[in-house]
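One structure is given below, encoded as structure tokens.
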Amino acid sequence: MAQPRVQLAVSGEASLLNSTTAGAAEELFAAAASAGVTMTLASGYRSFQTQTATYNGYVSTRGQASADTASARPGFSEHQTGWAFDIGDGGGACSFEPCFADQPAAVWAKANAYKYGFVVRYPWMLNEITGYYYEPWHLRFIGVEAATDMAKRGIGTLEEYFGLDAAPGYP
């Protein structure tokens, strides 16, 4: 794991990404900054222990069925791979809320992230396909070629692109 040279809103393990994702994130954040958009790394890598605490927090407040649409079970989170991270806008406006979609960081990422190999992983109104509700802050690195192909073809989810079942398909 590596800490990307980007504006951080977190510290410790949450500021880490795998080295490939970290390098691409540096390019993404620099391009956003060049466009006058502030973007922060709001949540990166999560260990199994951290994901367990995150998921269990959702379960305790929402119940398991609702938690499964908002947070991955431990061992199934993209955050645990280092390939995904959450963005913020530096000011905390609508952090981790659907209204974040209207903030400049999210608007810019939705329009441009593919150029750097990222997709907005859980798009608006595609929760029946992804298994998770809208998260305009959650970016997943899949590489420039695949992300650009998805954008050109108008494919919104990895499930559609790779022919995957909706999560959570827990055993």
Fill in: For the student: nearest non-hydrogen atoms of Leu28 and Met39, plus distance
CD2-SD, 4.1 Å
Practice prompt. Consider only side-chain heavy atoms of I, L, V, M, F, W and Y, link residues closer than 4.5 Å, and tell whether Tyr45 and Phe118 are in one cluster.
Written response: no
Worksheet item: Has Phe162 got more than 12 heavy atoms of other residues, nucleotides or ligands less than 6.0 Å from its CZ?
Response: yes
Worksheet item: What is the minimum heavy-atom distance between Ser15 and Gln3, and which atoms define it?
Response: OG-NE2, 2.7 Å
Worksheet item: Can Trp137 be reached from Trp108 by stepping across I, L, V, M, F, W or Y side chains whose heavy atoms are under 4.5 Å apart?
Response: yes
Item to complete: Kindly compute the distance separating OG1 (Thr21) from CD (Glu26), expressed to the nearest 0.5 Å.
Response: 11.0 Å
Discussion item. With rounding to the nearest 0.5 angstrom, report the CD1 to CG distance, Ile87 to Leu41.
Written reply: 10.0 Å
Practice prompt. Dump the intermediate steps for side chain to side chain contact (heavy atoms under 4.5 Å, CB included) on Arg153 and Tyr161, then the final yes or no.
Written response: CA-CA 10 Å; Arg153 295 171 56 195; Tyr161 190 68; 3.7 Å; yes
Response to the item:
Here the pair of heavy atoms bringing Ala101 nearest to Pro136 is N-CG, 3.6 Å
Practice prompt. May I ask you to say whether Arg121 pairs ionically with Glu159, meaning some side-chain N is under 4.0 Å from a carboxylate O?
Written response: yes
Item to complete: Verify side chain to side chain contact (heavy atoms under 4.5 Å, CB included) between Trp83 and Ile142, making sure each step is shown before the conclusion.
Response: CA-CA 8 Å; Trp83 292 106; Ile142 62 168; over 6 Å; no
Worksheet entry | Inter-residue atom distance Glu160.CD - Met150.CE, 0.5 Å rounding | 7.5 Å
Worksheet item: Leu158, Val120: one ILVMFWY side-chain cluster at the under-4.5 Å cut-off?
Response: no
Discussion item. For Gly63, is there any backbone N or O sitting under 3.5 Å from a side-chain donor or acceptor partner on Ser66?
Written reply: no
Worksheet item: Ser43 and His138: side chain to side chain contact (heavy atoms under 4.5 Å, CB included), yes or no, with the steps?
Response: CA-CA 9 Å; Ser43 180; His138 185 94; over 6 Å; no
Worksheet item: Is Phe141 linked to Leu16 within one hydrophobic cluster, defined over Ile, Leu, Val, Met, Phe, Trp and Tyr using a side-chain heavy-atom separation of less than 4.5 Å?
Response: no
Discussion item. Main chain of Gly44, side chain of His79: is a donor-acceptor contact present, judged purely on distance under 3.5 Å?
Written reply: yes
Worksheet entry | Transitive ILVMFWY side-chain link Ile155 to Val119, under 4.5 Å | yes
Fill in: Heavy-atom donor-acceptor pair, Ser77 side chain to Pro74 backbone, under 3.5 Å
no
Discussion item. Under a 3.5 Å distance rule, please check whether Gln7 uses its side chain to pair with a backbone N or O of Thr38 as donor and acceptor.
Written reply: no
Item to complete: Locate the shortest heavy-atom distance separating Ala105 from Val37; write the atom from each residue and the value.
Response: CA-CG1, 3.6 Å
Worksheet item: Do Pro123 and Lys110 have side chains that get closer than 4.5 Å, going by heavy atoms?
Response: no
Worksheet item: So which heavy atom on Glu78 is nearest to which on Ala84, and how close?
Response: CB-CB, 3.6 Å
Practice prompt. Say whether Asp68 and Tyr55, considering side chains only, have a donor N or O and an acceptor N or O under 3.5 Å apart.
Written response: yes
Practice prompt. Any chance you could measure Thr81, atom OG1, to Leu17, atom CG, to the nearest 0.5 Å?
Written response: 9.5 Å
Response to the item:
Here the gap from Glu128 atom CD to Thr157 atom OG1, rounded to the nearest 0.5 Å, amounts to 12.0 Å
Worksheet item: Is the Phe29 ring parallel, tilted or perpendicular to the Phe85 ring (thresholds 30°, 60°)?
Response: tilted
Discussion item. Quick check: closest heavy atoms across Arg62 and Ala70, and the distance to 0.1 Å?
Written reply: NH1-CB, 2.7 Å
Fill in: Gln80 side chain vs Gly75 backbone, donor-acceptor pair below 3.5 Å
yes
Discussion item. Would you say the rings of Tyr122 and Tyr134 are close, in the sense that their centroids are separated by under 6.0 Å?
Written reply: no
Discussion item. Please check this pair: side chain of Thr148 against backbone of Glu145, looking for a donor-acceptor N/O pair closer than 3.5 Å.
Written reply: no
